Amino acid sequence: MNSNQEKELVKLFKKDQVLLSPEDKTCYSYDATNKMFLPDAVVLPRSTEDVVNLMKFAHRHKIVIVPRGAGSGYTGGSLPVKGGIVVSFEQMTNILELNKDKKYAIVEPGVITQEFADYIQPFGLFYPPDPSSMKFSTLGGNLAECAGGLKGRKYGVTKNYVLGLEAVLSDGEIIRTGILNSGNGTSYNLQGLLIGSEGTLALLTKIALKLLDQPKYEETVLATFNRMEDAAEVVASITASGVIPSVLEFIDGDTLQCVMEYVKLDNIEKAAATGERPLEAVLLIEVDGDDRAEIQQDLEKIMEICQEKKAKSLEIAKTKEEKDKLWKVRRSISPSLLRIAPTKVNEDISVPTSQLPAMVEGIKELSNKYQVSIYTFGHAGDGNLHVNFMCDSRNREQMERVEKAVDELFRRTLELGGTLSGEHGIGVTKAKYLEWEVGKEGIELMKKIKSAFDPDQIINPGKMFS
Ligand SMILES: Cc1cc2nc3c(=O)[nH]c(=O)nc-3n(C[C@H](O)[C@H](O)[C@H](O)COP(=O)(O)OP(=O)(O)OC[C@H]3O[C@@H](n4cnc5c(N)ncnc54)[C@H](O)[C@@H]3O)c2cc1C
């Protein structure tokens with residue numbers, strides 16, 4: 001951006017909506033990857049009209065625009081890799097409408113996911129997509145990444161809850177879809193294209209979300225295992241049995257060890273202290289619903305499967321305090337891993353649940369073959385595993401081994417019928433692998449779609465396609 005363009009930009013907005021100092025720009029130069037790119041400017045819109053004005057300006061001057069939510073992405077989607085203006089939605093945080101009878105809400109994209117869940121909770125309503133980052137991620141970022149979460153297996157992911165969108169196109173025109181549009185849906189599914197498009201097609205300015213009634217009953221179980229493969233088989237068996245847990249989280253032995261060094265977990269320590277072998281895995285399982293008898297039946301089936309597969313310990317929470325205790329191990333993973341190594345390369349592959357035992361075994365092999373520390377946990381109920389390579393980005397030789405291990409992880413995932421990303425998207429970090437999954441033809445078609453939305457390639461370029 002030249003100085004004349006900068007002056008024009010400043011005139012379009014109130015003084016505190018345009019950030020130009022190096023200090024301010026640095027705050028918008030990173031996300032949860034280990035990468036950093038400085039933008040030319042940061043704009044903080046307060047309305048759809050602001051976004052329209054910004055896009056018209058960018059279109060006129062062919063200036064790159066990079067949408068940003070909370071910057072919690074793991075694949076670099078909000079990084080200004082080609083410079084330009086970062087558009088942070090942090091001031092578009094209004095919940096515009098809550099319709100309790102028809103069970104929907106209309107929100108601005110900057111609303112924090114957890115704040116939205118807390119807002120609707122007193123009305124007995126429930127928004128299931130619950131990424132582990134929900135305390136800081138935004139609904140706009142969740143939409144753009146099609147975020148998943150702990151409850152994905154039973155309740156689906158973000159795309160299953162979108163009823164309508166308002167989006168500003170690259171030339172500043174507005175489109176509305178679903179219930180935000182007066183017509184009905186006999187057309188190309190533009191809404192479907194925008195969800196998960198990682199901010200590369202348009203800027204989302206309003207989102208209509210479907211809500212559910214909160215389930216009346218919930219049961220929580222924690223099971224420990226001496227063999228990682230047994231835990232993976234429990235996941236596959238539960239899925240095959242027809243029981244659909246609302247939560248089915250897998251934690252491998254190394255991750256567990258790391259958490260136990262970080263927080264006190266009496267219950268798990270007790271299980272670990274008996275027997276010869278160390279614990280190799282933990283499963284945290286929840287079932288919920290409105291029919292008490294059905295929940296009880298599901299719980300019994302889960303216990304039976306865990307016992308069949310030689311669970312070392314099995315605990316059911318009877319009170320809220322006990323439930324919190326069982327959840328402590330899951331909630332402590334992220335902070336505990338941070339203590340191990342300065343760099344975490346976090347991949348979120350997903351495989352059919354029947355292939356989880358093979359995937360888990362494959363990850364162990366990768367760790368040995370490339371001599372890298374790998375910590376695995378994740379939403380195993382929908383086959384989604386977070387595979388964390390703990391390393392040090394200053395150690396070039398180690399990073400080369402990590403890169404080779406990541407390459408092989410993705411190859412093995414695709415061979416098992418899985419996908420490169422369960423929920424974190426493609427962004428910058430996985431762009432070079434996308435063709436492996438969708439093929440050359442898929443990439444070419446997507447590039448044509450991108451060009452139809454954004455002929456000048458000014459919205460979030462450098463993402464998805466390598
Ligand atoms: C500790 C931790 C745990 C995590 N756990 C999960 C998890 O369980 N499940 C999961 O799915 N993800 C998880 N993530 C990843 C991340 O939080 C999600 O991808 C989240 O959806 C990103 O939201 P954000 O607001 O931070 O978006 P950002 O990171 O700022 O942006 C993400 C993408 O959305 C685009 N975007 C943002 N706002 C808009 C908009 N208004 N219009 C158009 N495009 C926009 C950006 O350009 C970018 O491509 C985790 C991250 C961390 C750090």
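Worth knowing before you read on, the calculation uses all heavy atoms, side chains too, and leaves out hydrogens, waters and symmetry mates. Since the structure is predicted, the reported quantities are computational estimates derived from the model, not experimental observations. Both counts, for ligands and for their atoms, begin at 1 and track the order of listing.
Looking at heavy atoms from C-beta onward, Val387 lies in side-chain contact with Ile374 at the 4.5 angstrom threshold. Using a 4.5 Å heavy-atom threshold, the side chains of Phe89 and Pro67 count as touching. Residues Leu366 and Arg412 have side chains in contact (heavy-atom distance under 4.5 Å, counting atoms from C-beta outward).
Shown here is Lys159, whose NZ atom has no more than 12 heavy atoms of other residues, nucleotides or ligands within 6.0 Å. Taking a 6.0 Å sphere around CD of Glu49, one finds it holds 12 or fewer heavy atoms contributed by other residues, nucleotides or ligands.
Residue Asp348 does not touch ligand 1, judged by heavy-atom distances below 4.0 Å. Using a 4.0 Å cut-off between heavy atoms, Ala202 contacts ligand 1 through its backbone alone, with no side-chain atom that close. When non-hydrogen atoms are compared, ligand 1 lies under 4.0 Å from the backbone of Glu423 as well as from its side chain. Residue-level proximity to ligand 1 for Ser78 is carried by backbone and side chain together, each with a heavy atom below 4.0 angstrom. Within the 4.0 Å heavy-atom criterion, neither part of Lys463 lies near ligand 1.
At the top of the distance list for atom 44 (N) of ligand 1, counting protein heavy atoms only, stands Gly199 CA, 3.3 Å. Closest to atom 14 (N) of ligand 1 among all protein heavy atoms lies Ser133 OG, 3.5 Å. Protein heavy atom nearest atom 40 (C) of ligand 1, with residue, atom name and distance: Phe89 CE1, 3.7 Å. With respect to atom 27 (O) of ligand 1, the closest heavy atom belonging to the protein is Gly141 CA, 3.5 Å. Looking at atom 19 (O) of ligand 1, its nearest protein heavy atom turns out to be Glu145 CG, 3.5 Å. The protein atom (non-hydrogen) at minimum distance from atom 42 (N) of ligand 1 is Leu204 N, 2.9 Å. Remark: minimum distance from atom 49 (O) of ligand 1 to any protein heavy atom is reached at Glu198 O, 2.9 Å. In terms of protein heavy atoms, atom 11 (O) of ligand 1 is closest to Gly148 N, 3.0 Å.
Which parts of ligand 1 touch Pro109 is read off a 4.0 Å heavy-atom cut-off, strictly below it: atoms 41 (N). Interface atoms of ligand 1 facing Arg68, defined by a heavy-atom separation under 4.0 Å, are 30 (O), 37 (C), 38 (N). Residue Ser72 has at least one heavy-atom neighbour below 4.0 Å for each of these atoms of ligand 1: 15 (C), 16 (C), 17 (O), 20 (C), 22 (C), 23 (O), 24 (P), 26 (O), 29 (O), 51 (C), 52 (C), 53 (C). Shown in contact with Thr138 at under 4.0 Å from a heavy atom are these atoms of ligand 1, numbered in order with element: 24 (P), 25 (O). Using a 4.0 Å cut-off to heavy atoms of Ala147, the atoms of ligand 1 that qualify are 11 (O), 21 (O). The distance from ligand 1 to the heavy atoms of Asn460 drops below 4.0 Å at these ligand atoms: 47 (O), 49 (O). Under a 4.0 Å criterion applied to the non-hydrogen atoms of Ala70, ligand 1 contributes the atoms 24 (P), 25 (O), 26 (O), 27 (O), 30 (O). For ligand 1, the atoms closer than 4.0 angstrom to any heavy atom of Ala144 are 34 (O), 35 (C), 36 (N), 44 (N), 45 (C).
The residue from Pro67, Pro45, Gly378, Ser137 that puts a heavy atom closest to atom 47 (O) of ligand 1 is Pro67. Considering Leu203, Asn142, Val51 only, the shortest heavy-atom separation from atom 20 (C) of ligand 1 involves Asn142.
Under the salt bridge (charged side-chain N to carboxylate O under 4.0 Å, His left out) rule, Lys154 has a single partner from Asp288, Asp130, Asp298, which is Asp288.
Residue contacts with ligand 1: Gly77 is placed with a nitrogen or oxygen under 3.5 Å of a nitrogen or oxygen of the ligand (distance criterion only). Polar contact with ligand 1: absent for Ser334 (N/O pair, distance under 3.5 Å). Annotation: Pro131 places no N or O atom under 3.5 Å from an N or O atom of ligand 1; distance criterion only. Considering backbone and side-chain atoms together, Asp130 places no N or O closer than 3.5 Å to any N or O of ligand 1.
Judged by the shortest distance from any of its heavy atoms, His379 lies inside the 4.0 Å radius around the atoms of ligand 1. Not a single heavy atom of Asp31 sits closer than 4.0 Å to an atom of ligand 1.
Relative to the six-membered ring of Tyr161, Lys210 meets both conditions, a distance below 6.0 Å and an angle of at most 45° to the axis. A cation-pi arrangement is present between Arg68 and Tyr30 under the rule of less than 6.0 angstrom and at most 45 degrees off the ring axis.
Proximity of the aromatic rings of Phe377 and Phe250 is defined here by a centroid distance below 6.0 angstrom, and this criterion is not met.
Judged by distance alone, the side chain of Glu280 and the main-chain N or O of Gly253 form no donor-acceptor pair under 3.5 Å.
Remark: Leu279 CG to Asp254 CG distance equals 12.0 Å, nearest 0.5 Å. With rounding to the nearest 0.5 Å, the separation of NZ in Lys450 from CG in Leu445 is 15.0 Å. The distance from the CH2 atom of Trp436 to the CD1 atom of Ile443 is 12.5 Å, given to the nearest 0.5 Å.
Leu256 approaches Ile251 most closely through the heavy-atom pair N-CG2, 4.0 Å.
Neither side chain, Thr343 nor Asn34, offers a donor N or O lying under 3.5 Å from an acceptor on the other. With hydrogens and angles left out, the side-chain atoms of Lys56 and Asn53 include no donor and acceptor closer than 3.5 Å.
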